[in-house]
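Read the structure below first, then the notes.
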Amino acid sequence: MNLVNLESVSHAYGPKPLLDDVSLGVGAGERIGVVGRNGGGKTTLMSVIAGVVKPDSGRVTHTRGLRVGHLSQRDDLDPGLPVREIVLGDRAEHEWAGDQAVREILANLIGDLDLDARAGELSGGERRRTALARLLIDEHDLIMLDEPTNHLDIEAIAWLAAHLSGRKSALVVVTHDRWFLDAVSTRTWEVVDGRVERYEGGYAAYVLAKAERARIAQAAEERRQNLMRKEIAWLRRGPPARTSKPKFRIEAAQALIANEPPPRESVELVKFATARLGKTVYDLEDVTLHAGGPGAGPLVLDRTTWQFGPGDRIGLIGVNGSGKSSVLRLLAGTVEADSGRVVRGRTVRLAHLSQELAELDPTRRVLETVEEIRKYIQVGKKEWTASQLLERLGFKGDAQWKVVGDLSGGERRRLQLLRLLMDDPNVLLLDEPTNDLDIETLNELEDLLDGWPGTLILVSHDRYFLERVTDRSVALLGDGRLSLLPGGVDEYLERRAAGAALTARTGLGATTEGAKDALDGDGPAEAPAGLSAKEERELRKELNRLERQLDKLGEQETKLHAAMAEAAADYERLGSLDAQLRDVLTQKDEVEAAWLEVADRLGD
């Protein structure tokens with residue numbers, strides 16, 4: 001049974017039809033992801049379905065008594081009301097405090113907020129999370145979310161996906177977060193040229209189905225086909241979950257990727273990067289760093305030693321406030337370490353995209369602001385003009401002649417990113433580069449970065465983008481260290497969950513010395529329930545042995561990176577070293593898994 005039906009609906013803003021004779025329905029229990037270019041009509045479609053906007057023509061019908069929860073891109077919070085009243089309404093404290101589902105929503109979305117704070121005192125992100133919490137606490141037949149992952153970190157996004165998947169409500173969600181789409185949706189709608197194209201499955205299934213349609217029709221233009229093949233190759237080589245439950249035949253799509261190489265030629269890129277950068281990029285030596293300056297704010301790094309080498313492509317992961325942006329600013333030289341030394345390579349040519357948009361001359365044209373940096377740039381083995389790159393990042397035709405002052409926040413961010421790339425850097429520090437980018441533009445950016453030879457350090461809550469463009473993940477877990485994650489984001493979430501469980505059992509804060517000692521297998525923590533004193537001693541010995549093994553493997557990894565830098569001109573030697581490095585990383589992955597298993601037994 002359909003909860004909502006659209007019959008021959010059309011709607012336009014100005015001369016551009018965003019919806020043109022669209023007929024579709026939302027069934028009970030369906031979970032639908034909506035994709036499409038920015039400005040293509042996704043939000044308009046959501047507003048029409050929710051009944052917020054009346055279409056120019058056509059008919060929209062809701063079932064009798066339909067309860068719709070709609071999170072729009074703009075919140076409607078009363079600035080004078082406290083968070084408690086906005087989210088919980090007139091519920092008595094004993095009522096909501098005794099409801100586990102309500103407590104879970106509050107803890108994962110607004111656990112860091114003062115419930116008595118007024119909405120007018122909150123930041124944009126805090127207001128957004130408050131509005132989302134208010135919606136999720138109520139019961140709805142249909143939940144409609146427009147960009148719900150904005151201002152959420154990776155951990156909160158994973159929680160939200162699990163929460164929505166466990167609800168019986170129908171769901172329609174607009175998001176550019178492709179991992180989230182795959183996690184929550186079983187159908188995909190693409191809004192394009194006034195039409196709504198429908199596909200079975202989440203984002204991975206949508207990509208495969210779209211490529212299949214294009215292959216059969218033979219209508220796709222060559223460059224877009226190349227991008228699609230690269231995207232499919234990435235999806236099919238990745239974790240099995242990315243392509244789970246496609247409800248159509250994918251054998252024909254396999255023909256598209258039969259001879260498709262990996263997205264990046266890693267060895268070749270390391271060779272180019274080393275030629276541009278030499279052996280040293282960034283070496284952190286016994287560095288201590290606080291987020292608010294020497295001795296002020298949360299501790300980010302505590303006597304940390306780390307090396308970022310030529311050609312490294314690293315994703316930096318951590319909860320909001322863990323210090324990721326502070327680490328990037330430390331590398332960029334805009335903040336100084338409390339103590340220790342940061343050695344920067346003499347040939348480093350840095351580009352740093354921060355979360356704050358730098359000022360641009362509002363009277364200049366878009367193309368002029370890029371060409372004043374450089375008119376041509378070499379990316380990989382191909383030369384691009386400023387105009388061609390602008391087109392790839394969504395500035396097509398007349399959009400290149402728009403005045404900068406008329407651009408949206410997302411357009412300005414794309415323009416800033418392109419200006420950085422045009423300056424031909426060999427080190428890129430990117431802090432949330434995907435904000436306000438649609439999926440098609442993200443595909444283009446990923447393709448550009450695939451051929452970019454240099455060192456890349458990325459901070460992003462977009463899990464798909466993070467895994468797509470980086471080769472390794474490093475986490476800030478609140479212990480003052482940079483922790484390598486051979487298992488990527490999945491391992492990060494497992495570690496965070498293990499730390500939260502331990503904190504709940506010990507009653508200690510995650511960053512207290514007692515909790516650190518318990519996690520490290522040292523200190524005065526009591527023997528876990530169910531273990532004898534002898535069993536606990538044996539497990540702690542095993543934990544220490546595994547940690548020593550991890551240290552040795554880490555040293556081997558560092559030596560291999562240095563050897564690869566020295567062998568940059570010897571292609572065969574470089575290939576051999578790369579194979580050794582992969583072997584070491586595989587061993588580290590196995591040892592890390594064993595460590596987590598032992599630590600979990602100690603925590604039970």
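Position 1 is the first residue of the sequence; numbering continues from there.
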Going through the checks in order, is the salt bridge (charged side-chain N to carboxylate O under 4.0 Å, His left out) test met by R178 and E446? CA-CA 13 Å; R178 292 159 290 178; E446 288 160 356; 2.5 Å; yes

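- Annotation for D406 and E411: closest pair O-OE1, 4.4 Å, computed over non-hydrogen atoms.
- Residues L485 and I317 form a side-chain contact, since some pair of their non-hydrogen atoms from C-beta on lies under 4.5 Å apart.
- Checked by atom type, the side-chain pair N320/H461 shows a donor-acceptor distance below 3.5 Å.
- Of the N and O atoms on the side chains of T441 and R37, at least one donor lies less than 3.5 Å from an acceptor on the other residue.
- Under 4.0 Å is where a charged nitrogen must lie from a carboxylate oxygen, and between E467 and R313 no such pair does.
- Under the side chain to side chain contact (heavy atoms under 4.5 Å, CB included) criterion, R344 pairs with Y282, V342, not counting sequence neighbours.
- Taking 4.0 Å as the cut-off between side-chain N and carboxylate O, D438 and K42 do not count as a salt-bridged pair.
- Inter-residue side-chain proximity for V191 and T44 is flagged as unmet; no heavy-atom pair is nearer than 4.5 Å.
- With salt bridges taken as basic N to acidic carboxylate O contacts below 4.0 Å, one links D450 and R468.
- Every residue two or more places apart in sequence or in another chain was checked for a salt bridge (charged side-chain N to carboxylate O under 4.0 Å, His left out) with E371, and none qualifies.
- No side-chain donor-acceptor contact under 3.5 Å links D21 and S10.
- Using a 4.0 Å cut-off between a side-chain N of Lys or Arg and a carboxylate O of Asp or Glu, E372 and R364 qualify as a salt bridge.
- In plain terms, the two heavy atoms of V9 and P55 that are nearest each other are CG1-CB, 3.6 Å.
- A salt bridge links R463 with D490: the distance from a Lys NZ or Arg NE/NH1/NH2 to an Asp or Glu carboxylate oxygen falls below 4.0 Å.
- Minimum interatomic distance between L466 and G315 (heavy atoms only, all atoms of both residues): CD1-CA, 3.7 Å.
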Begin from the C-alpha positions of Y464 and Y203 and carry the test ring-ring contact (aromatic ring centres under 6.0 Å, His included) through to its verdict. CA-CA 11 Å; Y464 189 104; Y203 177 74; 5.6 Å; yes

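- When all heavy atoms of A183 and A161 are compared, the closest pair comes out as CB-CB, 3.9 Å.
- Listed here is the closest heavy atom pair of L71 and A131: CD1-CB, 3.8 Å.
- A 4.5 Å side-chain heavy-atom check between L484 and W306 finds at least one atom pair inside the cut-off.
- No hydrogens or angles considered: a donor-acceptor pair under 3.5 Å links the side chains of D56 and H11.
- Side-chain contact annotation: D462 with S460, donor-acceptor N/O pair under 3.5 Å absent.
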Output, in order, the C-alpha distance, side-chain angles, deciding distance and verdict of side chain to side chain donor-acceptor pair (under 3.5 Å) for D177 and T175. CA-CA 5 Å; D177 188 317; T175 179; 5.4 Å; no

Set out, in order, the CA-CA distance, both residues' side-chain angles and the distance that settles salt bridge (charged side-chain N to carboxylate O under 4.0 Å, His left out) for D283 and R341, then state yes or no. CA-CA 8 Å; D283 289 348; R341 197 161 73 112; over 6 Å; no

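- Contact annotation: the side chain of L389 never approaches that of V370 to less than 4.5 Å [non-hydrogen atoms, C-beta and beyond].
- Under 4.0 Å is where a charged nitrogen must lie from a carboxylate oxygen, and between R128 and E147 no such pair does.
- In this structure the side chain of L330 never reaches within 4.5 angstrom of the side chain of V300, judged on heavy atoms.
- Looking only at side-chain heavy atoms (C-beta outward), P148 and F180 come within less than 4.5 Å of each other.
- Using a 4.5 Å heavy-atom cutoff, the side chains of L456 and F308 are not in contact.
- Using a cutoff of 4.0 Å between basic side-chain nitrogens and carboxylate oxygens, K210 and E197 are not scored as salt-bridged.
- With I457 as the partner, the side-chain contact (heavy atoms from CB on, under 4.5 Å) test is satisfied by one option alone out of L328, D431, D312: L328.
- In terms of heavy atoms, R412 sits closest to V404 at NH2-O, 3.4 Å.
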